[in-house]
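Here is how names work: the chains are called A, B, and so on, in the same order as the sequence lines, proteins then strands, and each is numbered from 1. No experiment lies behind these values; they were computed from the predicted model shown.
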Number of protein chains: 2
Amino acid sequence: MKVKSIENPSQEDLLNILSEGLSSEAIITIFAHCRVHYDGRAKSELGNGDRVIIIKPDGSFLIHQREKREPVNWQPPGSRVSFQVEEDRVRIISVRRKPRETLEVELLKVYLASYLQAEDSEELTLMGSEAEMRDYIFENPEVIEEGFKVLFKEKPIKHGIVDLLGRDKDGNLVVLELKRRRADLHAVSQLKRYVEDLKEEHGNVRGILVAPSLTSGAKKLLEKEGLEFRRVKPPKREKAQRGKQKTLDSF
Amino acid sequence: MKVKSIENPSQEDLLNILSEGLSSEAIITIFAHCRVHYDGRAKSELGNGDRVIIIKPDGSFLIHQREKREPVNWQPPGSRVSFQVEEDRVRIISVRRKPRETLEVELLKVYLASYLQAEDSEELTLMGSEAEMRDYIFENPEVIEEGFKVLFKEKPIKHGIVDLLGRDKDGNLVVLELKRRRADLHAVSQLKRYVEDLKEEHGNVRGILVAPSLTSGAKKLLEKEGLEFRRVKPPKREKAQRGKQKTLDSF
DNA sequence: GCCTAGGTCCCGTTA
DNA sequence: TAACGGGGCCTAGGC
């Protein structure tokens, strides 16, 4: 039986769903009027209301209100679930170690208890990421400028990791910072950090921000710092297997 | 009737749940074997598998696999849901405008269709945020150092917005960058940007990173740049109503 | 485990 | 609306 659900379950029904769901590695979903307490990296309280609660077999724990994409409270994968039974109510507790965090849901009224023994071996294939942009430029360095050659992908330097490092036709070192979406002040600061880092050991170093567009503030700071911009949109292409080759030569 | 659920629903049952759920502003939850297509800021494909699908009345749309805290596919609040009926299957489509994004779920087999007319007026109260840290320092500037005085909270400068701006006992301008958790390279770059910005118009400017700890790389860069560190942990205290007072004086 | 950085980030706030 | 920065961010990839 792949799925099980009980509307307005008795306490016994609820405990059965929870035990069976947990032991069979199912995804458990509960509709309930509840209250939530969290303490860990931060601390929170949520008063009584109707929510959707999801417990996954990897320990992920989600509590959703009727709005927003984000769960109002949660626990990340690896957390351990248990439950406490009191006279008239059930408490679900999830504990994470390192950092220590506890999430406690007090179930005041359960409208629906259910689980699904999900079989799913598929993984998402995503197109249009920064990683694809990087591979695209690696293979087509001329989209940056004529004569540009890539030396390194994901190259660790003194303070950080550069997306792409290469040389222009005049032999200058060139740092590329890629953004899949509109680049902001943060992106410029990041690029500036890399350029200053490399300038300490090499002569002239150019920094180019590569993105579909720039925020107004990013443009101002970029120009003030003598950095450059190239407009490139992330390609939405099927990805072939990407080789791990990272270096062409010492520089 | 606050909740409704049907196991292994017929196509008619399923369409009823969807229509009723959407029109009554309920949270809809479906257990289904499905396939998913997304196109928008990026593009993705997800092959057949069992998932939990949640549709909220604000347009939020979540598709969860059996692992991870994050939905494998989603649509943010404000998206518009519709469905298409074919001979043997139902397709749920969610469209967002600005940017244009579409999410399409092909339901191959539905194990459970349900909705909850959730009533919930409670909001989360969170303790231990950076905002609380800021207020704490604003009220207790001596935790930074003896003689330190705050001038501005959340002060916009030329390139960015400074968390706290003040003066030390010698009259030097002091920029504080706060982090509620261990500060990294990014935080140092951010602080450096603010300090360089203010140095252009004021004489000596000190930059202090205020956080519970530092990453190794952040420490190295901080020292190299002549910036400082103060160890402060975010307070987990109940928040009173926070005044909006931001400035004490021109500087 | 720590560090570094991306994300279809989401989200709130402000000009 | 765009811009800016926080987040209990989460997640992936190195080391």
Side-chain angles (χ1 to χ4, degrees), chain A residues 38-44 60 67-77 96 98-103 124 126-131 133-134 154 156-157 159-163 177-187 189-190 193 213-220 234 236 244 246, chain B residues 38-44 60 67-77 79 96 98-103 124 126-131 133-134 154 156-157 159-163 177-187 189-190 193-194 213-220 234 236 244 246:
Chain A
Y38 155 75
D39 197 357
R41 287 167 293 178
K43 190 173 191 306
S44 75
S60 304
E67 298 189 333
K68 303 296 169 201
R69 202 212 73 144
E70 292 303 303
V72 61
N73 279 114
W74 71 90
Q75 207 67 296
R96 175 195 198 183
K98 205 44 182 162
R100 175 94 183 173
E101 299 195 283
T102 64
L103 180 64
L124 192 74
L126 183 69
M127 292 148 273
S129 64
E130 184 187 295
M133 216 170 141
R134 190 165 55 235
E154 294 279 295
I157 59 174
H159 302 288
I161 304 163
V162 166
D163 281 335
E177 173 57 34
L178 313 184
K179 289 295 163 201
R180 68 167 307 286
R181 55 172 184 166
R182 179 176 272 244
D184 56 14
L185 282 175
H186 169 197
S189 291
Q190 204 179 337
R193 163 156 50 96
S213 62
L214 283 178
T215 66
S216 50
K219 184 159 184 283
K220 273 187 1 195
K236 288 184 190 175
K244 280 253 177 173
K246 275 183 187 161
Chain B
Y38 155 74
D39 197 359
R41 288 168 292 178
K43 190 173 192 303
S44 75
S60 304
E67 298 188 332
K68 303 296 169 203
R69 202 211 73 144
E70 293 303 303
V72 61
N73 280 113
W74 71 91
Q75 205 70 295
S79 309
R96 175 194 198 182
K98 208 30 187 174
R100 175 95 183 173
E101 299 195 284
T102 64
L103 181 63
L124 192 76
L126 183 70
M127 293 148 270
S129 63
E130 185 188 293
M133 215 169 140
R134 190 167 55 236
E154 293 279 295
I157 57 174
H159 301 288
I161 304 163
V162 167
D163 281 335
E177 173 58 33
L178 313 183
K179 290 294 163 201
R180 69 167 307 286
R181 56 173 184 166
R182 179 175 271 246
D184 57 15
L185 282 176
H186 170 198
S189 291
Q190 205 179 335
R193 162 156 50 95
Y194 301 148
S213 61
L214 282 179
T215 66
S216 51
K219 184 160 186 285
K220 271 186 5 195
K236 288 184 191 176
K244 280 250 177 176
K246 275 182 188 160

*Please work out if B:R181 contacts a base, only the sugar-phosphate, or nothing of the nucleic acid, heavy-atom cut-off 4.0 Å.*
base
*asked:* Applying a 4.0 Å non-hydrogen cut-off, can you work out what A:P77 is touching in the nucleic acid: base, sugar-phosphate, or nothing?
replied: sugar-phosphate
*Integer angstrom distance from the P of C:dT8 to that of D:dC4*: 22 Å
*Hey, which sits more toward the 5' end of DNA chain D by its nearest nucleotide, B:Q190 or B:K68?*
B:Q190
*Counting only heavy atoms not in A:K236, do more than 12 fall under 6.0 Å of its NZ?*
yes
*Using a 4.0 Å heavy-atom cut-off across all strands, classify A:E67 as base, sugar-phosphate, or nothing.*
nothing
*asked:* Nearest to the A:R69 side chain among C:dC11, C:dT8, D:dC10, which nucleotide is it?
replied: C:dC11
*Side-chain N or O of A:S129 less than 4.0 angstrom from OP1 or OP2 on C:dT8?*
no
*Given side chains that start at C-beta, do those of B:E101 and B:S79 come closer than 4.5 Å, heavy atoms only?*
no
_Going by side chain to side chain contact (heavy atoms under 4.5 Å, CB included), B:S60 matches just one of B:P76, B:P71, B:P77. Which one?_
B:P77
*Using atom CG of A:L124 as one end and atom P of D:dT11 as the other, report the distance to the nearest whole Å.*
14 Å
*Could you check if a side-chain atom of B:D163 sits within less than 4.5 angstrom of a side-chain atom of B:E130, using non-hydrogen atoms only?*
yes
*Check every strand shown and say whether B:N73 touches a base, only sugar-phosphate, or nothing at a heavy-atom separation below 4.0 Å.*
base
*Return the value, rounded to whole Å, for the distance between atom NZ of B:K236 and atom P of D:dG7.*
14 Å
_So that I can compare with my own list, what are the stems of DNA chain C, taken as at least three consecutive Watson-Crick or G-U pairs with distances under 3.5 Å?_
C:1-7 with D:9-15, C:9-15 with D:1-7
*Take the protein atom CH2 of A:W74 and the nucleotide atom P of C:dC10, then report the distance between them rounded to whole Å.*
15 Å
*Using whole Å, report how far CZ of B:R193 lies from C1' of D:dG5.*
9 Å
*Base, sugar-phosphate, or nothing: which does B:S216 touch, judged by heavy atoms less than 4.0 Å apart?*
sugar-phosphate
*Distance below 4.0 Å between A:T215 side-chain N/O and D:dC4 OP1 or OP2*: yes
*Given that A:L103 and B:Y194 both sit by DNA chain D, which one's nearest nucleotide is further toward the 5' end?*
B:Y194
*Would you kindly give the CD-to-C1' distance between B:Q75 and C:dC11, to the nearest whole Å?*
17 Å
*Classify the nucleic acid contact of A:G40 as base, sugar-phosphate or nothing, counting any heavy atom under 4.0 Å across all strands shown.*
nothing
*Just checking A:K179: base, sugar-phosphate only, or nothing, at a heavy-atom cut-off of under 4.0 Å?*
sugar-phosphate
*Which one, D:dG5, C:dC10, C:dC9, comes nearest to the side chain of A:R180?*
C:dC9
*Give a yes or no on whether a donor-acceptor pair under 3.5 Å exists between the nucleobase atoms of C:dG6, that is its base, and the side chain of A:E130.*
no
_I'd like to know if the side chain of B:R180 reaches the main chain of A:R41, judged simply by a donor and an acceptor atom lying under 3.5 Å from each other, with no hydrogens or angles considered._
yes
*Heavy atoms under 4.0 Å, any strand shown: does B:E70 hit a base, just sugar-phosphate, or nothing?*
sugar-phosphate
_d(NE2, B:H186; P, D:dG5) in whole Å_ = 8 Å
*Any luck finding a side-chain donor-acceptor pair between A:R182 and A:S213 under 3.5 Å?*
yes
*Closest nucleotide of DNA chain C for A:K98 versus for B:Y38: which of these residues is on the 5' side?*
A:K98
*Quick one: CG on B:D39 to CE on A:M127, what's the gap to the nearest 0.5 Å?*
8.0 Å
*Can you tell me how far the CZ atom of A:R193 sits from the NE2 atom of A:H159, to the nearest 0.5 Å?*
9.0 Å
*With heavy atoms under 4.0 Å as the rule, sort A:R100 into base, sugar-phosphate or nothing.*
nothing
*Distance, P atom - from D:dG8 to C:dA5, rounded to whole angstrom*: 22 Å
*Separation of B:I157 atom CD1 from D:dA3 atom P, in whole Å?*
18 Å
*Between A:T215 and A:L185, what is the shortest heavy-atom contact and its length?*
OG1-N, 4.3 Å
*Which comes earlier along DNA chain C counting from the 5' end, the contact point of B:P76 or that of A:I161, where each point is its nearest nucleotide?*
A:I161
*Starting at atom CZ of B:R41, determine the distance to atom P of C:dC9, rounded to an integer number of angstrom.*
5 Å
*Record whether the side chain of B:D163 comes under 3.5 Å of the base of D:dG5 through a donor-acceptor pair of N or O atoms.*
no
